[in-house]
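To start, the structure itself, in structure tokens.
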Amino acid sequence: MSDRIATAGLDVERYRAEGLVIAPEPMPADVLDQVRSDLGDYLCDDPSDVPDFVPDLMASGFGLRYGSHPVLLDAVSAVLGDDVLLWACGMFGKPARIGKPTPWHQDGHYWPIRPLATCTVWLALDRSGPHNGGLRYVAGSHRARALLGHQRSDGRDATLNQRLELDEPQRAAVRVAELEPGHFSLHDVHLVHGSSANVSGARRAGITFRYMPTTSYYDRDLARRQHRELGVPDISGRVLYRVRGVDRTGRNDTVDATAGPWAATPVPPAPPAPGRPT
């Protein structure tokens, strides 16, 4: 894994200490242009037409195409190791003036991965910061490797129905990940994070790619149980793309994508399905 760290130039120690790090190397500009082109149906000039959330960009091939780019995979491998599955991709549109907040939460509260281990890449399509509802996180909140008690709050005023209340020490540790277009952050599955509403005149769109080490098992029975008990989308049928290495558990049913799809023709995303973040 040391070669991956050198290639990515990633500050892995900061990732371990704070739970989030911004990668020094952005996605190449021509690739970012392709991403924007393929998302043209969602990311148009009129920010009111941009949805707050597109839950699944994997089914059409979009997520695999861009989630297997070596710039992203080198960074992910630096923190997860050389055996990696890509299992989800979505988009947070955060349209100008009407972008919904995402409550404080931990991703792992509703993900069926055991042992729980996932790294999320957050790729900025627009400039993202405190001015337009940029990603906020509680630095170091992942270190206990524990899931906190979430409250369920169904409704249409936020992008997620699971939320946490922060105490005073947690509020003091809040940071904002500021990103320029094409740059990306990586965060740990236990990290407490969220974002405020976007009341500015600037859209804040970004794409999330979810990766897990193959030393963990994607438990489809647990996914169905979480759907029933937590009211989150049923993600038991997700395809697991092995983008690097081998399946170390021997239990995951994976699709070999280690050759990479970069010779393929770009595929636009499927129409958005109703639901909340997965």
So Ile235 and Tyr110, side-chain contact (heavy atoms from CB on, under 4.5 Å) or not? Walk me through it.
CA-CA 10 Å; Ile235 57 174; Tyr110 53 96; 6.0 Å; no
Determine, for [X] against [Y], whether the closest basic-nitrogen to carboxylate-oxygen distance falls under 4.0 angstrom.
| X | Y | result |
| --- | --- | --- |
| Arg210 | Asp107 | yes |
| Arg204 | Asp126 | no |
| Asp219 | Arg114 | no |
| Asp74 | Arg244 | yes |

Any side-chain heavy atom of [X] within less than 4.5 Å of one from [Y]?
| X | Y | answer |
| --- | --- | --- |
| Tyr218 | Met212 | yes |
| Ser195 | Phe92 | no |
| Val21 | Val79 | no |
| Leu20 | Trp122 | no |
| Val243 | Val76 | no |
| Ile207 | Phe62 | yes |
| Arg238 | Pro112 | no |
| Leu80 | Tyr211 | yes |

Indicate, with yes or no, if [Y] and [X] share a hydrophobic cluster defined by side-chain heavy-atom contacts under 4.5 Å among Ile, Leu, Val, Met, Phe, Trp and Tyr.
| X | Y | result |
| --- | --- | --- |
| Val176 | Leu186 | no |
| Leu32 | Tyr66 | yes |
| Val255 | Tyr217 | no |
| Val121 | Val12 | yes |
| Trp111 | Leu230 | yes |

So, [X] side chain and [Y] main chain: donor-acceptor pair closer than 3.5 Å or not?
| X | Y | result |
| --- | --- | --- |
| Arg171 | Val174 | no |
| Lys94 | Asn198 | no |
| Asp83 | Asp247 | no |
| Ser196 | Pro101 | no |
| Arg175 | Ala173 | yes |

Around atom CZ of Arg14, are there more than 12 heavy atoms of other residues, nucleotides or ligands at under 6.0 Å?
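Result for CZ/Arg14: open.
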Please walk me through it: do Leu148 and Gln170 pass side-chain contact (heavy atoms from CB on, under 4.5 Å)?
CA-CA 13 Å; Leu148 306 176; Gln170 289 172 323; 3.9 Å; yes
Checking side chain to side chain donor-acceptor pair (under 3.5 Å) against Asp188, which of Arg145, Gln106, Arg16 comes through?
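When Arg145, Gln106, Arg16 are each tested with Asp188, the side chain to side chain donor-acceptor pair (under 3.5 Å) holds only for Arg145.
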Looking only at heavy atoms, which two atoms of [X] and [Y] are closest? And how far apart?
| X | Y | result |
| --- | --- | --- |
| Val31 | His69 | CG2-NE2, 3.8 Å |
| Asp167 | Pro169 | OD1-CD, 3.2 Å |
| Ala257 | Leu64 | CB-CD1, 3.8 Å |
| Pro26 | Pro24 | CD-O, 3.6 Å |
| Ile22 | Glu178 | CD1-O, 3.5 Å |
| Ser200 | Asn132 | OG-CB, 3.3 Å |

If you measure from [atom1] on [X] to [atom2] on [Y], what distance do you get to the nearest 0.5 Å?
| X | Y | atom1 | atom2 | result |
| --- | --- | --- | --- | --- |
| Leu135 | His193 | CG | NE2 | 6.0 Å |
| Met27 | Leu72 | CE | CG | 4.0 Å |
| Leu39 | Gln34 | CG | CD | 12.0 Å |
| His183 | Leu123 | NE2 | CG | 10.0 Å |
| Arg143 | Glu18 | CZ | CD | 8.5 Å |
| Met91 | Asp56 | CE | CG | 13.0 Å |

I would like to know whether Leu116 and Leu147 meet side-chain contact (heavy atoms from CB on, under 4.5 Å); could you show each step before the answer?
CA-CA 10 Å; Leu116 186 56; Leu147 293 178; 3.8 Å; yes
Please name all residues satisfying ring-ring contact (aromatic ring centres under 6.0 Å, His included) with His109, sequence neighbours left out, ordered by chain then number.
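ring-ring contact (aromatic ring centres under 6.0 Å, His included) list for His109, sorted by chain: His150.
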Pairing residues for Asp253 by the salt bridge (charged side-chain N to carboxylate O under 4.0 Å, His left out) criterion, not counting sequence neighbours:
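Expected list: Arg220.
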Begin with the C-alpha distance, continue with both residues' side-chain angles, and end with the deciding distance and a verdict on side-chain contact (heavy atoms from CB on, under 4.5 Å) for Arg136 and Trp104.
CA-CA 9 Å; Arg136 299 184 298 168; Trp104 293 109; 3.6 Å; yes
So, Thr254 versus Asn252: side-chain donor-acceptor pair below 3.5 Å or not?
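Judged by distance alone, the side chains do not pair up.
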